[in-house]
Number of protein chains: 2
Amino acid sequence: MVSTRGSTPRGDGVPAAIVGLLGTRKPSSRVDIARSLGLSPATVTQVTRDLIARGVVEERVSVPSRGGRPAKLLGLVAGAGVALGATVTADRVALVTVELDGSVRTWTQHPFSPNSPDAPRELAEILAGEVNTIGERLLGVGVGVPGSVDSQESGFVRAPSFGWHAVPIGPVLRKTLDAPVLVDNDVNTLAAAEQVYGIGRDHSSYLVVTIGKGIGCAMVLDKAIYRGATGSAGEIGHIPVSSDGPVCGCGDTGCLEAHIGAAGLLRTARERGLVGARGRLATLLRAARDGDTAAQDVYREAGELLGRSLSGIVLTLDPEVVVLMGEGMDAWEHWRPGFEPALRRCLAPTRAELPVVVEPWRDDQWARGAASLVLAAPFDTAGNGGEQSHRVRARLGSRET
Amino acid sequence: MVSTRGSTPRGDGVPAAIVGLLGTRKPSSRVDIARSLGLSPATVTQVTRDLIARGVVEERVSVPSRGGRPAKLLGLVAGAGVALGATVTADRVALVTVELDGSVRTWTQHPFSPNSPDAPRELAEILAGEVNTIGERLLGVGVGVPGSVDSQESGFVRAPSFGWHAVPIGPVLRKTLDAPVLVDNDVNTLAAAEQVYGIGRDHSSYLVVTIGKGIGCAMVLDKAIYRGATGSAGEIGHIPVSSDGPVCGCGDTGCLEAHIGAAGLLRTARERGLVGARGRLATLLRAARDGDTAAQDVYREAGELLGRSLSGIVLTLDPEVVVLMGEGMDAWEHWRPGFEPALRRCLAPTRAELPVVVEPWRDDQWARGAASLVLAAPFDTAGNGGEQSHRVRARLGSRET
DNA sequence: ACTCCTTTGTTTGACACTAAAATTACTGGC
DNA sequence: GCCAGTAATTTTAGTGTCAAACAAAGGAGT
């Protein structure tokens, strides 16, 4: 193993990568940093000297050695940089400010109507307040949207559920906010968070599958988020699973999402008389928890469909791990009995042991993900984030200023 | 667009990348090379000076200019380097020697029995003859196998159909042959060939799907071949498509391959009395070509299954293009009527126009692919090929010697 | 023929990164 | 307390790449 994240950084990426590493790891020695990033200790000495002088990094205690010069640990100066994250949903915008080490500073929500023709400008206004409060220390703004984005770099959004076609979220925000702005699909932002603070620290290829209103999937392949040719990779909600199933929002019939998305589950439950015509999903979940086997069946069957569909994706992508998250996870205990056997049944003997990690859901997770777009920029050695990612790195570690 | 293939090369990768580029392009000027590789013209001048002195590259004619200093084109010296490619099948080994520009020099076949306990050594002996014939100019050996490989770098092969479990093809060949040896799944080698000489010149993410004895898939994502956590990405032949279908070689029932692999097609044809108990696929194809609608139905239904399965993969991976190839492609005209509508039906409006490229099949294609593993090494800036890839680059462009 | 323009290719000085040697700061055995 | 051993860090000298200035080689207009 040469480097922990992607290829070894160069040029302006070196100081950024060091700061990024220190943000996501415990305080490390210079030699450790060098090993992790594939740099020579000499370079780390030089660059950290500069970062210390600039007040971004500080020396911590020396650790006792086991026969050798003790390492002087380096850590980030608290509050040296802040990322702003925002997610857009059908009725509001959630905002977080996050420190370099991933800890959440503030969390707020604002009413928002994406259908308005002036939506980008309204979003910009919501963000502007926060941006001004943060001031100098702002590294960048990450925005997650439930749709596909042409590229993080530019940020034109297509989100059918909002009626958005090539809506210039990125350009408008950039013009208004005077800060680097990275826009991405919301599930991809969760993957970015995993990449930096979660499972990505130990694995290089994995899937992040979300269960909630829709069914989403983001993928980190060989340490990089994969977005596809048109930014719409991971649209697994519309995989066909039945030839005559329910009608989906996309117009087709029998999509996975139409079966096991929140609306699909509810429809099934109503058809079977488990909840009233005006009943909600919470009712179904309560029934399942109370031991109602018919209610449990709804979830079990959903788990089975999900497991079968994922097994195809796992065979195709051969990930190390699958991470499950999303608002729907609170009912996972009832999905699991259907899910596990369906998933494992078709996996070749080699992958039958595929670990599936179920993450508890937190309300600020979407927005935290969005902020992670910014915090992942230091590791974007391949340059997928383009100019915006570059600007984040510049704010983080440029030698001038 | 910054660079044509992956990220910009560094160090020993620079001369190799230049040679690689000249091998896959028409002769180019220094400035063109610099643009393609993301290097400065200054660097290209320096490195090519060296390559010219070493007799690997030569100056060609000047090209008339359109209002500027005319460009002096650079091209490869013919025969400056040769790659050896080999594919292993159930009964033989096919060998090609390929020039740097991709042209095939020789093609031979040798009987081979992979079930023998001494298979790696026997393979080594077959290759040794050719290696000695080539001598000095050999850049490396590429080997394609119908199974999964732990990494190109090491080359332990798992191939259930051969009864191979962690068979040390790479290590044994390396010990015997004294040349860089790259081992990979056979479908991945086809993807490597596309990457270097085919569709990869114009696209960065695509699928290569093979139809033949089995159903295979290789994927190039963001310009790199993706191999998965255990080297078995692309095992789409075992995606479940029916709950009570025919038994597959993998032990499960209802796998895609069991339905539409060569054996599956034949089984269906026999069940329907279209060919005799001892009849072969050629009989079915002849019947279909002669207008037998029952025979055509077998192919059409197979096309439908393939299209449905691929639509799921396309939704997941959002590739720019899908390339179809393999021995089974000679019957494609009869697959297509089922395939096209099934594939497009479920693609979101944005991807309905997904181009599907059907490549005619050539007998030496597997072996050419294997050789491409070597010829793709110069572009492996990420270092996936590890030490072996590095050794190929060293032979191609090292400054010493 | 002369001048200006355009593009290619080369030279030069600066700079980032490195390998290797030197230095520092400990531990552990005596 | 002294010495050998060990590992982190720093220094030093050197290499590869680049930006910018420069040289070369033509076209097009006058």
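To find a chain, count down the sequence lines: A is the first, B the second, and so on, and within it residues start at 1. Hydrogens, waters and symmetry mates are skipped; everything else that's a heavy atom, side chains included, is used. Keep in mind that this is a model prediction, so the values were computed, not measured.
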Expected output: side-chain A:Glu387 to main-chain A:Glu153 donor-acceptor under 3.5 Å: no
Length of the CD1-P vector between B:Ile33 and C:dT7, whole Å: 19 Å
Residues in salt bridge (Lys or Arg N to Asp or Glu O under 4.0 Å) contact with B:Arg30, at least two apart in sequence or another chain: B:Glu59
Whole-Å gap separating P (C:dA19) and CZ (A:Arg35): 14 Å
Whole-Å gap separating C1' (D:dT9) and CG (A:Asp50): 17 Å
Residue whose nearest DNA chain C nucleotide is more 5′ - A:Ser65 or A:Leu39: A:Leu39
Show the atom names and distances, to 0.1 Å, of all donor-acceptor pairs under 3.5 Å that link a side chain in residues 64-78 of chain B to residues at least two apart or in another chain.
residue : atom : partner : partner atom : Å
B:Ser65 : OG   : B:Gly67 : N            : 3.4
B:Ser65 : OG   : B:Gly68 : N            : 3.3
B:Ser65 : OG   : B:Gly68 : O            : 2.5

Touch class at under 4.0 angstrom, heavy-atom based, for B:Arg66 against every strand present: nothing
Side chain to side chain donor-acceptor pair (under 3.5 Å) partners for B:Arg368, two or more places apart: none
Partners meeting salt bridge (Lys or Arg N to Asp or Glu O under 4.0 Å) with B:Glu320 (sequence neighbours left out): none
Any B:Ser40 side-chain N or O less than 4.0 Å from OP1/OP2 of D:dA19: no
Rounded interatomic separation in angstrom, taking CG from B:Asp12 and P from C:dA19: 13 Å
With sequence neighbours excluded, residues passing salt bridge (Lys or Arg N to Asp or Glu O under 4.0 Å) with B:Arg49: none
Taking only nitrogen or oxygen atoms into account, show me every contact under 3.5 Å that the protein makes with nucleotides 9-11 of chain C, one pair per line with its distance.
residue : atom : partner : partner atom : Å
C:dG9   : OP1  : B:Lys72 : N            : 2.8
C:dG9   : OP1  : B:Lys72 : O            : 3.2
C:dG9   : OP2  : B:Arg30 : N            : 3.1
C:dG9   : OP2  : B:Val31 : N            : 3.1
C:dT10  : OP2  : B:Arg30 : NE           : 3.2
C:dT10  : OP2  : B:Thr45 : OG1          : 2.8
C:dT11  : OP2  : B:Arg49 : NH1          : 3.2

